[in-house]
Amino acid sequence: MKKSNKLSTPYYLCDEKLLKNNLEILQHVQNESGAKIILALKGFAMWSTFDLVKKYLKGCTASGLHEALLAREEFAKDDSSLEVHTYSPAFKDEDIDEIAKISDYVVFNSPNQLFKYKDRVKEINPHASLSLRINPEYSASPKEIYNPCGIYSRLGTTLENFNEDVLLHVDGLNFHALCEQDVDALEEVLKAFEEKFSKYFTHLKYINFGGGHHITKKGYDVERLIRIIKEFRAKYGVDVYLEPGEAVGWETGVLVSSVLDIVHNGIDIAILDTSAEAHMPDTLAMPYRAEVRGAGAAGEKKYTYRLAGNTCLAGDIMGDYSFDEPLKIGDKVIFEDQIHYTFVKNTTFNGIKLPSLAILRENKTLDVIKEFGYEDYKNRLS
Ligand SMILES: *Cc1c(COP(=O)(O)O)cnc(C)c1O
């Protein structure tokens, strides 16, 4: 790790103080509701912050072997209370032994997978708790690409496909049906889930409410979430888990880029040393418009530019933004809220350099925790 005040762009800068604020909100939810909160590594896996994160959260939810390994290596707690929950849409023969060894909870997507692997998992790790992911067949997810309960979804078991023999082997049930949603959406999902499955809850020790809870967003009704969880726990006598990713990394930092060139073709276009496709993929996948510090909508301020990436993909465009002053080559362009679902998804498409990772510590020192180069590009190819 090096300290640097001449960090070159592009880089992600995570602000530890903002991360801590989020963790304190999640801590409050845990303390008041009795729920256990684990980090979904899929959304946020900046493991250099985990010494902080693990002071607050019980463990991690992993989407497979690699994330489970990362949780074991980097989230280990002094009192060995770390919980690793591992779920994949489908596990593989070649991974299952190692997954069983390092997971405290193994969550299956279908009865078929559960029956295939339950004995093997228990043989390797008699303490592992097994669960099944349910599809409650209700979601108000704003985007189909992020809707686990949409039509023909492969994620989770529907009531029709549920097999009561499952109850002989599982201690819990999971669902994950939300995406960036408020607590009223959770209430609707819970209603559907309870209608279909509450008759089975007496067999269970826990219910995992998944992720997608926008708990740390301004205006989220945290007290109502606490009330709902407390009522649920009291009604059914089960533990409740939440496994947010986004809510942990929400608004905890930025992606800093530089203007490399400005071209004109009908409009002014600024080419940046970053990429929507490679470094901010959700802006294209969702799609959504990232906020740019100091900028407004197109036409709102005096000088409007299309901000675009330094790849050969025509559609590598962040959007049109306006500024009070004309952009100049070398100016910094700062994209807000780029710490979750960004570097966990990055690619080296076009051989473009991966942005460095940096952390602004609470004492205001800036640690560059990772820089990338040609080797990172080459090593993924052969
Ligand atoms: C993605 C995912 C999460 C985390 O979702 P966020 O929207 O980042 O909170 C939790 N659980 C499962 C099963 C997921 O697939």
Side-chain angles (χ1 to χ4, degrees), residues 30 34-42 45 47 50 53-54 57-135 148 154-157 161-176 193 197 200-211 233 236-245:
Q30 294 189 109
K36 295 181 183 178
I37 303 187
I38 54 179
L39 166 67
L41 290 172
K42 161 176 136 246
W47 46 265
F50 285 1
V53 180
K54 70 190 182 191
L57 305 185
K58 306 285 179 205
C60 298
T61 190
S63 322
L65 179 58
H66 290 178
E67 289 187 356
L69 283 166
L70 185 68
R72 276 282 160 229
E73 287 179 13
E74 298 298 335
F75 219 90
K77 296 178 182 239
D78 296 338
D79 61 0
S80 65
S81 65
L82 165 65
E83 291 186 16
V84 176
H85 299 232
T86 307
Y87 159 82
S88 288
F91 292 113
K92 298 179 77 172
D93 293 350
E94 66 202 59
D95 292 345
I96 197 70
D97 287 10
E98 209 176 347
I99 284 175
K101 205 163 76 191
I102 62 175
S103 303
D104 307 289
Y105 295 75
V106 179
V107 183
F108 295 96
N109 189 57
S110 68
N112 198 38
Q113 279 256 309
L114 172 80
F115 291 122
K116 181 171 180 192
Y117 288 124
K118 66 178 174 48
D119 294 338
R120 186 69 188 155
V121 170
K122 284 289 192 182
E123 199 179 308
I124 288 175
N125 180 0
H127 302 294
S129 176
L130 307 186
S131 180
L132 180 75
R133 177 168 172 177
I134 294 302
N135 175 352
R154 71 191 179 289
L155 304 170
T157 299
N161 291 325
F162 188 76
N163 172 343
E164 292 190 8
D165 292 345
V166 159
L167 297 167
L168 301 170
H169 309 289
V170 300
D171 302 315
L173 294 176
N174 286 41
F175 68 79
H176 169 67
F193 179 60
F197 290 96
Y200 304 127
F201 290 175
T202 49
H203 296 269
L204 303 175
K205 295 188 187 137
Y206 57 90
I207 302 288
N208 184 320
F209 288 7
R233 290 180 58 233
Y236 299 112
V238 292
D239 284 341
V240 168
Y241 281 94
L242 305 177
E243 48 181 31

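Note: hydrogens, waters and symmetry copies are ignored here, and every other heavy atom, side chains too, is used. Note that the coordinates shown come from a computational prediction; the quantities given were computed from them, not determined experimentally.
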(Q) Does any part of the side chain of Phe197, heavy atoms only, come nearer than 4.5 Å to the side chain of Ile134, both counted from C-beta? (A) yes

Q | Inter-residue atom distance Ile124.CD1 - Arg120.CZ, 0.5 Å rounding | A | 4.0 Å

Q. Stepwise, does the side chain to side chain contact (heavy atoms under 4.5 Å, CB included) test hold for Lys205 with Asp239?
A. CA-CA 6 Å; Lys205 295 188 187 137; Asp239 284 341; 5.9 Å; no

Q: Rounded to the nearest 0.5 Å, what's the gap from OG1 on Thr157 to CG on Asn163? Could you check?
A: 9.5 Å

Q) With distance as the sole test, does Asn109 use its side chain to make a donor-acceptor pair with the main-chain N or O of Arg154 at under 3.5 Å? A) yes

Q.
With heavy-atom distances below 4.5 Å as the criterion, would you say the side chains of Lys116 and Asp93 are in contact?
A. yes

Q: Give the C-alpha distance, both sets of side-chain angles, the deciding distance and a yes or no for side chain to side chain contact (heavy atoms under 4.5 Å, CB included) between Val121 and Ile99.
A: CA-CA 8 Å; Val121 170; Ile99 284 175; over 6 Å; no

Q. Taking all atoms of both residues into account, what is the closest heavy-atom pair of Gly64 and Ser88, and its distance?
A. CA-OG, 3.5 Å

Q: Drop me the distance from Ile37's CD1 to Leu242's CG, to the nearest 0.5 angstrom.
A: 5.0 Å

Q. Looking at Pro148 and Asn135, what are the two nearest heavy atoms and their distance?
A. O-ND2, 4.1 Å

Q. With side chains defined as the heavy atoms from C-beta onward, is the minimum distance between Leu57 and Phe50 less than 4.5 Å?
A. no

Q.
I need the Lys118 NZ to Leu132 CG distance, nearest 0.5 Å.
A. 13.5 Å

Q) Rounded to the nearest 0.5 Å, what separation is found between the CD atom of Gln113 and the OH atom of Tyr87? A) 9.5 Å

Q.
Using a strict threshold of under 4.0 Å (side-chain N to carboxylate O), is an ion pair present between Lys101 and Glu98?
A. no

Q | Non-hydrogen atoms of Ala100 and Asn125 that approach each other most closely | A | O-ND2, 3.0 Å

Q. Between Ile38 and Phe75, is any pair of side-chain heavy atoms under 4.5 Å apart?
A. no

Q | The single option from Glu243, Arg133, His176 passing side chain to side chain donor-acceptor pair (under 3.5 Å) against Asn208 | A | Glu243

Q. Minimum heavy-atom separation for Leu70 to Ala45, with atom names?
A. CD2-CB, 4.1 Å

Q: Would you check, one step at a time, whether the test salt bridge (charged side-chain N to carboxylate O under 4.0 Å, His left out) holds for Asp104 with Arg72?
A: CA-CA 11 Å; Asp104 307 289; Arg72 276 282 160 229; 2.9 Å; yes

Q) Using 30° and 60° as the class limits, which term best fits the ring planes of Phe91 and Tyr117: parallel, tilted or perpendicular? A) perpendicular

Q) Hey, does Tyr200 have a side-chain heavy atom less than 4.5 Å from the side chain of Val166? A) no

Q. Quick one: ring pair (Phe, Tyr, Trp, His ring centres under 6.0 Å) partners of His85, sequence neighbours excluded?
A. Tyr105, Tyr241

**Q.** Heavy-atom check, side chain of Thr61 versus side chain of Lys42, under 4.5 Å
**A.** no

Q. Of the non-hydrogen atoms in Ser131 and Asn174, which two are nearest, and what is the gap between them?
A. OG-OD1, 2.7 Å

Q) Is there a side-chain contact between Leu114 and Leu130 (heavy atoms, below 4.5 Å)? A) yes

(Q) For a quick check under 3.5 Å, do Asp171 and Tyr206 share a side-chain donor-acceptor pair by atom type? (A) no

Q: Give a yes or no on whether the ring-centroid distance for Phe108 and Phe115 is below 6.0 angstrom.
A: no

**Q.** Neighbour count above 12 (heavy atom, 6.0 Å) for Asp165 CG
**A.** yes

Q.
Please give me the minimum heavy-atom distance between Leu39 and Gly245, naming the atom from each residue.
A. CD1-CA, 4.5 Å

Q. Which value, rounded to the nearest 0.5 Å, describes the distance between Glu67 atom CD and Ser103 atom OG?
A. 11.5 Å

